[in-house]
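Just follow the structure's listing: the first ligand is 1, and inside any ligand the first atom is 1. The structure presented is a predicted model; accordingly, all values stated were derived computationally and were not measured.
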Amino acid sequence: MAKVLLVLYPDPIDGFPPDYARDSIPVIEHYPNGQTLPTPEAVDFVPGEMLGSVSGELGLRTFLENAGHTLVVTSDKEGPDSVFERELPDADVVISQPFWPAYLTPERLAKAEKLQIAITAGIGSDHVDLAAANQKGITVAEVTYSNSIGVAEHTVMQVLALVRDYLPQHRIVLDGGWNIADAAKRSYDLEGMDVGVFAAGRIGRAVIERLAPFGVRLHYTDRFRLPSDVEEKYGLTFHDDIRSLVKEIDVLAVHAPLTDDTRGLLNDELLATMRRGAYIVNPARGAIADRDAIVRALQSGQLAGYAGDVWFPQPAPADHPWRTMPHHGMTPHTSGTSLPSQARYAAGTREILEDFFAGRDIRPEYLITKGGGYAGTGAHSYAGKK
Ligand code: NDP
């Protein structure tokens, strides 16, 4: 029987379960590319419930304990005395979400003598050292597409919030004011702007589709070009690389994975080549940006705004400079953990576990590594880059 170590973010501070704002979540038939939603044999939760915090347990306890497995759930994940480090040596399965990642470094993987599979409840497995996982033959899987559209919606929200300067205007209302000139002095229209998308994968493409009706000129770069009919439909200008892209845009949306190619890419040198007063929204990974270069660019006015929901490390320390830098619209890492996304990635995690325990193949679209090498989605997204 297996020991499953599940690392989740803490419960809401005013108690669990929370009061839900709505009675149900929208029903989605399939993902935009036709991929089917998760297909577990059953789930033991009501879609729309809080599943991603400790008491939510991703809805896995009954399923696991009825099958004789042990489930350990914790949010305590940092440092040698953390519950995570103490429980890791005899865990067969580790599960965590990118929003509250259980970093599986080479040192931790060396201690995890029994670990067979690390599951990302969500998308983006860069919190696992994939090279070390491959050396140890550990399977890594994630729930591809489970929250991609939610992230795209968050991007569109933050692009509009920055360009229109929504957050300071809302603050004026909260403070009892009516200072129209103060509210308008940094407020622009998105219409007519040049918007660049760095990497047109599942999320980047959804952002392109959602921003096209705003009357913007759309640009993008990716390792491979989109089909010509897609470029024509959205009036897309392709750029060979990000250096060419950033020179010609007012707004940059970042949707590439964190790899050795993208780590620290948004640095002083690159930011200096952008139009003065450009905006960046990055819900991909915090480490794609040089933390202090972003702060400097906002302070100097080279950037007019920066937003996103990804930081490094996570959770961000209380003194992280992005909390207090000017003209930012950061959220904690929330774009991919809306209640509907939680229902999908909890169901996907259950599907992966059912297959794993039954010795069946895990869907290729969920696989990142298997049997000592990159597999499925991982063979496309990560191979040769880590
Ligand atoms: P996809 O794999 O669908 O898309 C990623 C795209 O990036 C692909 O088109 C890929 O190219 C391209 N790419 C990879 N490396 C480079 C590079 N060096 N230069 C240019 N393009 C590159 O991923 P998703 O759209 O689903 O997700 C993107 C990222 O968003 C994830 O890796 C994750 O880090 C982040 N994410 C964040 C979430 C959040 O909650 N904030 C939730 C989900 C994801 P190609 O495949 O053509 O080779």
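Neither the backbone nor the side chain of Thr337 comes within 4.0 Å of ligand 1, counting heavy atoms alone. Only backbone heavy atoms of His255 (N, CA, C or O) come within less than 4.0 Å of ligand 1; its side chain stays farther off. Counting heavy atoms closer than 4.0 Å to ligand 1, residue Phe198 contributes side-chain atoms (C-beta onward) but none from N, CA, C or O. Under 4.0 Å from ligand 1, heavy atoms of Asp222 appear from its side chain as well as its backbone. Heavy atoms of His333 found under 4.0 angstrom from ligand 1 belong exclusively to the side chain. If you look at Pro257 next to ligand 1, the close heavy atoms, those under 4.0 Å, come from the backbone and the side chain alike.
Among the atoms of Ile123, none of the N or O lies under 3.5 angstrom from an N or O of ligand 1. Between Asn147 and ligand 1, a contact under 3.5 Å exists for no N or O pair. Ligand 1 has an N or O atom lying under 3.5 Å from an N or O atom of Arg223, backbone or side chain. Any N or O atom pair closer than 3.5 Å counts here, and Ile203 shares at least one such pair with ligand 1. Some N or O of Arg202 is nearer than 3.5 Å to an N or O of ligand 1, by distance alone. Residue contacts with ligand 1: Gly204 is placed with no nitrogen or oxygen under 3.5 Å of a nitrogen or oxygen of the ligand (distance criterion only).
Nearest-residue assignment for atom 34 (O) of ligand 1 (options Gly378, Ala284, Gly124, Gly150; heavy-atom criterion): Ala284.
Across all their heavy atoms, Pro321 and Val295 have their closest contact at CB-CG2, 4.0 Å. Listed here is the closest heavy atom pair of Leu162 and Tyr279: O-CE2, 3.6 Å.
For the pair Arg291 and Phe312, the cation-pi criterion (under 6.0 Å, within 45° of the ring axis) is not fulfilled.
The shell of residues lying under 4.0 angstrom from ligand 1, judged by heavy atoms, excludes Leu258. Within the 4.0 Å heavy-atom cutoff, Ser335 counts among the residues contacting ligand 1. Between Thr259 and ligand 1 there is no heavy-atom distance shorter than 4.0 Å. At least one heavy atom of Asp309 sits closer than 4.0 Å to an atom of ligand 1.
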Chi angles and distances behind the side-chain hydrogen bond (donor to acceptor under 3.5 Å, both in side chains) call for Asp309, Ser335: CA-CA 7 Å; Asp309 68 329; Ser335 67; 2.7 Å; yes
Apply side-chain hydrogen bond (donor to acceptor under 3.5 Å, both in side chains) to the pair Thr337 and Tyr345, showing each step before the final yes or no. CA-CA 9 Å; Thr337 191; Tyr345 64 69; 2.7 Å; yes
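Between Leu190 and Val195 there is a side-chain heavy-atom pair separated by less than 4.5 Å. Counting heavy atoms from C-beta on, the side chains of Glu351 and Arg363 come closer than 4.5 Å. Residues His69 and Leu353 fail the side-chain proximity criterion, which asks for heavy atoms closer than 4.5 Å.
When each atom of ligand 1 is checked for a heavy atom of His380 under 4.0 Å away, the hits are 45 (P), 46 (O), 48 (O). Ligand 1 places these atoms under 4.0 Å from at least one heavy atom of Gly336: 40 (O). Close approach of ligand 1 to Phe99 is summarised as follows: ligand atoms under 4.0 Å from at least one heavy atom of the residue are 40 (O). Against a heavy-atom cut-off of under 4.0 Å, Thr262 is close to the following atoms of ligand 1: 18 (N). Atoms of ligand 1 found under 4.0 Å from any heavy atom of Ser381, numbered from 1 in the order shown, are 2 (O). Residue Ala199 approaches ligand 1 through these ligand atoms, each under 4.0 Å from one of its heavy atoms: 6 (C), 7 (O), 12 (C), 21 (N). Of all the atoms in ligand 1, the ones that sit under 4.0 Å from a non-hydrogen atom of Gly201 are 3 (O), 4 (O), 6 (C), 9 (O), 25 (O).
Residue pairs meeting the ring-ring contact (aromatic ring centres under 6.0 Å, His included) criterion with at least one partner in residues 182-202, sequence neighbours excluded, are absent.
Of the possible polar contacts, none joining the Gln314 side chain to the Pro101 backbone as a donor-acceptor pair under 3.5 Å is found.
Under the 30°/60° scheme for interplanar angles, the aromatic rings of Tyr145 and Tyr31 are found to lie parallel.
Residues Arg202 and Glu365 are not paired through a salt bridge, judged by the lack of any N-O separation under 4.0 Å between the basic side chain and the carboxylate. A salt bridge between Glu248 and Arg217 is absent, with no side-chain N of the basic residue lying under 4.0 Å from a carboxylate O of the acidic one. The residues Glu107 and Lys111 are annotated as not salt-bridged, no charged nitrogen and carboxylate oxygen being separated by less than 4.0 angstrom.
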